[in-house]
Amino acid sequence: MTHKIIDRDFFSQPTLTVARALLGQRLVRMVKGERLSGVIVESEAYFGPDDTANHASKGRTARTEVMFGPPGRTYVYLIYGMYYMLNLVTEPESFPAAVLIRALEPVEGLNSMRRYRQGAKPSVSLTNGPGKLSQALQIDKTLHNWDVTFGQRLWLEQGQPVSDSAITTGSRVGISYAAPKDQALPWRFWISGSKFVSR
DNA sequence: TCATTGATGCGCT
DNA sequence: GCGCATCAATGAT
């Protein structure tokens, strides 16, 4: 059974729409000929130059350049010297926005994920956080600015739609540096009751 | 609660 | 250029 690869039109929708719509979709990573995949269960939106939680709010730099580019590309960066964060760029060119993938329900390649996530035993802890899922799926700087609509190395496939009534919203995590009004925005989304969301 | 870890960006020479 | 504070997190304690 084949799944449709999610195309650029999907990422061209408004950022908050994309952040919601990503829940239930499958993130697929090909490593050494093996499919590693999981269903997205948690996301966060980072929207525009006025969102002080958005890295791009401080202006256009080498690091944030990709967010000013076309939708459907990855923004991957290193945080705390050891963890990679995977974001998917949204909105038309020159408007900086992206959605952070925060957690997956692992589906394919769990044994390999366990190997890449040295020390993680229960499968619930393989991908229940943005740093963890990057480790499990071997996502690093080499996948920065990658077009996920090609269907190679890293892409998304259509999964089961998740209705709005099955989605919970909340404030975003780890943005204490942002303005209070931005910290309070309900721009974090997760599938209600999923065991695989971050803690 | 705390140590880890290195790229990034800012403020200065 | 150079030094320094900061960080879309995690795991151990």
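Quantities reported herein were computed from a predicted structural model and do not represent experimental measurements.
Residue whose closest nucleotide on DNA chain C sits further toward the 5' end, between G174(A) and Q135(A): G174(A).
Interatomic distance, T149(A) OG1 to Q152(A) CD, rounded to the nearest 0.5 Å: 10.5 Å. Interatomic distance, R26(A) CZ to I6(A) CD1, rounded to the nearest 0.5 Å: 11.0 Å.
The glycosidic torsion of dA7(B) lies more than 90° away from 0, placing the base in the anti range.
Of the residues H55(A), H144(A), E65(A), the one that meets the side chain to side chain donor-acceptor pair (under 3.5 Å) test with Y75(A) is H55(A). Evaluated for a side chain to side chain contact (heavy atoms under 4.5 Å, CB included) with T74(A), the options I101(A), V66(A), V148(A), N87(A) yield exactly one hit, V148(A).
The side chain of L78(A) lies closest to dG6(B), out of dA8(C), dG6(B), dT5(B).
Checking S192(A) against T168(A) by side-chain atom types alone, a donor-acceptor pair falls below 3.5 Å. Side-chain N/O atoms of S198(A) and E42(A) include a donor and acceptor closer than 3.5 Å.
The shortest distance between side-chain heavy atoms of M67(A) and N54(A) falls below 4.5 Å.
The local environment of NZ in K32(A) is sparse, with at most 12 non-hydrogen atoms from other residues, nucleotides or ligands closer than 6.0 Å.
Residue K141(A) places no side-chain N or O under 4.0 Å from the OP1 or OP2 atom of dG6(B). R172(A) has no side-chain polar atom (N or O) that falls below the 4.0 Å cut-off from OP1 or OP2 of dA9(C). Phosphate contact (OP1/OP2 of dA9(C), side-chain N/O of R199(A), threshold under 4.0 Å): absent.
Taking atom OH of residue Y177(A) and atom C1' of nucleotide dT6(C), one finds them 11 Å apart after rounding to whole Å. Distance CG (L100(A)) to C1' (dC7(C)): 14 Å, rounded to an integer number of Å. The nearest whole Å value for the distance from the CD atom in E42(A) to the P atom in dA9(C) is 10 Å. Spacing between atom CG of L126(A) and atom P of dT10(C) amounts to 13 Å, rounded to whole angstrom units. As rounded to whole Å, 10 Å separates atom C1' of dG6(B) from atom CD1 of I79(A). Atom C1' of nucleotide dA8(C) and atom CD of Q183(A) are separated by 12 Å, given to the nearest angstrom. Between the OH atom of Y84(A) and the C1' atom of dT8(B) there is a distance of 13 Å, rounded to whole Å. Distance R102(A) CZ to dA8(C) P: 11 Å, rounded to the nearest Å.
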**Request:** Kindly determine whether E44(A) and R102(A) satisfy salt bridge (Lys or Arg N to Asp or Glu O under 4.0 Å), including the steps that lead there.
**Result:** CA-CA 7 Å; E44(A) 275 178 7; R102(A) 284 197 57 90; 3.7 Å; yes

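In DNA chain B, runs of at least 3 consecutive Watson-Crick or G-U pairs, each pair with both distances below 3.5 Å, span B:1-4 with C:9-12, B:6-12 with C:1-7.
A donor N or O paired with an acceptor N or O is found under 3.5 Å between the base of dA8(C) and the side-chain atoms of Y77(A).
Across residues 45-69 of chain A, T61(A), R63(A) each have a non-hydrogen atom less than 4.0 Å from an atom of DNA chain B (numbered order).
Stacking between Y83(A) and the base of dA9(C) is absent under the criterion of ring centres within 5.5 Å and planes under 30 degrees.
S123(A) and F196(A) get closest at one heavy-atom pair: O-CE2, 4.4 Å.
Within the 4.0 angstrom heavy-atom criterion, only backbone atoms of the sugar-phosphate kind lie near M85(A); the bases stay farther away.
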